[in-house]
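Quick caveat, the model's predicted, so the values are computed rather than measured.
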Amino acid sequence: MKTRKIGNLEVSPIGMGCMGFSHGYGSVPDEGYAIEAIRKAYDFGCTFFDTAEVYGKEMFYPGHNEQLLGKAVEPFRDKVILATKFHLGAEEAEGAADLYNPIRRHLDASLENLKTDYVDLYYLHRVNELIPVEDIAEVMGRLIEEGLIREWGLSQISVDTLQKAHHITPVSAVQNLYSMMERDCEKDIFPYCIENNIAVVPFSPIASGFLSGKVTTQTKFEGDDVRKFVPQLSQENIVANQPILDVLEKFSKQKNAANAQISLAWMLHKYPNVVPIPGSKNQERIMENLGAWNVRLTEEEFESIENALEAVTIYGHRGHVESEQASFGNNWKDKE
């Protein structure tokens with residue numbers, strides 16, 4: 001396992017998205033199982049764990065996932081990199097001389113939840129179209145100077161937004177949707193980030209589990225399950241997207257690896273600045289995903305996969321640019 005860099009942070013090449021223990025994939029395991037899963041991931045070599053202040057609000061309360069992660073890593077907090085994210089409503093900035101105080105309130109709550117006095121990587125979860133991102137960047141610079149956060153990042157953004165922020169306070173990470181089935185970031189995000197030493201941290205790198213081959217038309221998405229709204233996972237698109245699974249199965253047999261591992265190995269091979277954070281609530285899947293860093297593709301194998309992907313049509317597209325006003329999360333609001 002070769003580590004990768006996010007700004008000045010050194011991390012395992014694959015991190016762990018912790019959302020599924022509190023939200024997003026239907027029923028959740030008990031707290032003991034979740035804490036054990038996080039600790040097993042650490043023992044396996046994972047040093048990068050991702051959460052957010054909102055994870056858990058649908059089934060529990062805001063901060064639930066942060067608290068769970070904080071409990072899990074408390075014995076080895078100084079040996080891991082913790083990332084969390086905050087939302088900022090336009091009303092929080094009204095009448096304020098600056099944005100420092102409202103952002104600091106979010107950060108203080110996360111610090112308490114995570115049982116720590118600093119956050120390694122702090123993201124703006126979604127850009128608010130009513131608040132200039134440059135103003136956010138100024139506050140992040142101040143928080144870095146104060147030692148409350150070590151690096152900062154943005155999520156679900158365009159390269160234009162990234163440029164505006166990066167010119168004020170250098171951005172260390174972009175957490176965008178990216179997988180074999182959602183490749184928009186290859187057009188401009190990756191080139192800009194490579195040129196400016198910014199890490200790309202893909203969430204849903206296994207396409208909400210589809211690339212594992214374990215999601216079928218018989219799979220039920222019930223309760224608090226984001227996959228109800230993922231366009232590639234409609235009944236008709238699950239059928240239409242089978243050819244990409246044929247590509248993965250061919251190479252997984254050649255490499256004696258799981259489909260999901262091939263999809264992650266492809267990503268790691270393609271970009272030196274990518275650090276995917278697959279999420280799962282199943283311990284076996286978590287270990288399998290992390291094991292992808294041991295799957296090495298030759299240049300010939302990588303080119304064969306690239307050529308095969310180019311020949312496949314993907315059905316269903318979400319895109320990687322969102323905001324508070326146009327967010328995938330609004331699907332829940334629409335149902336209320």
Side-chain angles (χ1 to χ4, degrees), residues 16-29 50 52 54-59 65 125-126 155-156 175-186 201-252 258-264 266-267 276-282 284-286 288-289 292 305 308-322 326-336:
M16 180 178 174
C18 297
M19 181 186 77
F21 296 126
S22 302
H23 158 64
Y25 294 98
S27 61
V28 300
D50 180 90
V54 297
Y55 293 163
K57 69 180 178 66
E58 287 80 8
M59 295 178 67
N65 198 247
H125 206 153
R126 292 289 181 272
S155 181
Q156 289 294 85
Q175 185 174 136
N176 272 12
L177 180 66
Y178 177 66
S179 72
M180 285 181 166
M181 301 180 77
E182 290 277 1
R183 297 177 63 180
D184 290 356
C185 286
E186 295 181 357
V201 180
F203 71 89
S204 199
I206 308 172
S208 299
F210 181 79
L211 295 175
S212 72
K214 300 182 187 304
V215 176
T216 71
T217 54
Q218 304 305 309
T219 304
K220 303 297 183 184
F221 305 136
E222 299 175 332
D224 178 35
D225 197 320
V226 300
R227 293 172 294 179
K228 289 186 284 189
F229 308 112
V230 172
Q232 291 147 1
L233 299 185
S234 67
Q235 289 282 303
E236 61 272 22
N237 286 342
I238 286 176
V239 174
N241 285 321
Q242 288 301 304
I244 197 169
L245 296 183
D246 297 335
V247 173
L248 283 170
E249 186 172 349
K250 172 187 173 183
F251 288 95
S252 64
N259 282 10
Q261 290 179 323
I262 296 297
S263 72
L264 292 168
W266 162 82
M267 191 179 291
I277 49 168
S280 176
K281 59 184 182 180
N282 180 285
E284 185 179 354
R285 294 283 79 75
I286 291 167
E288 179 181 277
N289 292 337
I305 293 173
L309 290 177
E310 289 298 327
V312 171
T313 299
I314 302 299
Y315 294 87
H317 179 252
R318 173 178 164 183
H320 70 275
V321 179
E322 296 183 14
S327 170
F328 184 73
N330 290 340
N331 284 298
W332 279 266
K333 297 178 184 177
D334 294 341
K335 298 295 181 182
E336 292 174 357

Nearest heavy-atom pair of Ala308 and Val247: which atoms, and what distance?
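Where Ala308 meets Val247 most closely, the heavy atoms are CB-CG1, 3.7 Å.
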Show the nearest heavy-atom pair for residues Val230 and Ser208, with the distance to one decimal.
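Shortest heavy-atom separation between Val230 and Ser208 comes out as CG2-OG, 3.7 Å.
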Between [X] and [Y], is any pair of side-chain heavy atoms under 4.5 Å apart?
{"X": "Val201", "Y": "Pro276", "answer": "no"}
{"X": "Leu245", "Y": "Asn241", "answer": "no"}
{"X": "Glu322", "Y": "Leu177", "answer": "no"}
{"X": "His317", "Y": "Asp184", "answer": "yes"}
{"X": "Val226", "Y": "His23", "answer": "yes"}
{"X": "Gln261", "Y": "Trp266", "answer": "no"}
{"X": "Ser179", "Y": "Ile206", "answer": "no"}
{"X": "Ile314", "Y": "Gln232", "answer": "yes"}

Can a donor-acceptor pair be found, under 3.5 Å and without considering hydrogens, that links the side chain of [X] to the backbone of [Y]?
{"X": "Asp50", "Y": "Cys18", "answer": "no"}
{"X": "Ser22", "Y": "Met19", "answer": "no"}
{"X": "Glu249", "Y": "Asp246", "answer": "no"}
{"X": "Glu182", "Y": "Gly319", "answer": "yes"}
{"X": "Asp224", "Y": "Gly24", "answer": "yes"}
{"X": "Lys281", "Y": "Tyr25", "answer": "yes"}
{"X": "Asn289", "Y": "Arg285", "answer": "yes"}

Assess the side chains of [X] and [Y]: does a donor N or O sit below 3.5 Å from an acceptor N or O?
{"X": "Gln156", "Y": "Gln175", "value": "no"}
{"X": "Glu186", "Y": "Tyr178", "value": "yes"}
{"X": "Asn259", "Y": "Ser252", "value": "yes"}

Taking atom CD of Glu284 as the centre, report whether more than 12 heavy atoms of other residues, nucleotides or ligands fall under 6.0 Å from it.
no
Quick one: do Ile277 and Met16 satisfy side chain to side chain contact (heavy atoms under 4.5 Å, CB included)? Show the steps, please.
CA-CA 5 Å; Ile277 49 168; Met16 180 178 174; over 6 Å; no
Any residue meeting side-chain contact (heavy atoms from CB on, under 4.5 Å) with Pro243, in chain and number order, not counting sequence neighbours:
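Only Val312 meet the side-chain contact (heavy atoms from CB on, under 4.5 Å) criterion with Pro243.
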Apply side chain to side chain contact (heavy atoms under 4.5 Å, CB included) to Phe210 and Met180, showing your working.
CA-CA 10 Å; Phe210 181 79; Met180 285 181 166; over 6 Å; no
Find the distance between CG (Leu309) and CE (Met181) and round it off to the nearest 0.5 Å.
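CE of Met181 is found 10.5 Å from CG of Leu309.
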Aromatic ring pairing Tyr55/His125, orientation class (parallel under 30°, perpendicular over 60°, tilted between):
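Plane angle over 60°, so perpendicular.
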Show me the side-chain donor-acceptor pairs of residues 215-223 shorter than 3.5 Å, one per line, residues at least two apart or across chains.
unit_1 : atom_1 : unit_2 : atom_2 : d
Thr216 : OG1    : Gln218 : N      : 3.1
Thr219 : OG1    : Thr216 : N      : 2.9
Thr219 : OG1    : Thr216 : O      : 3.2

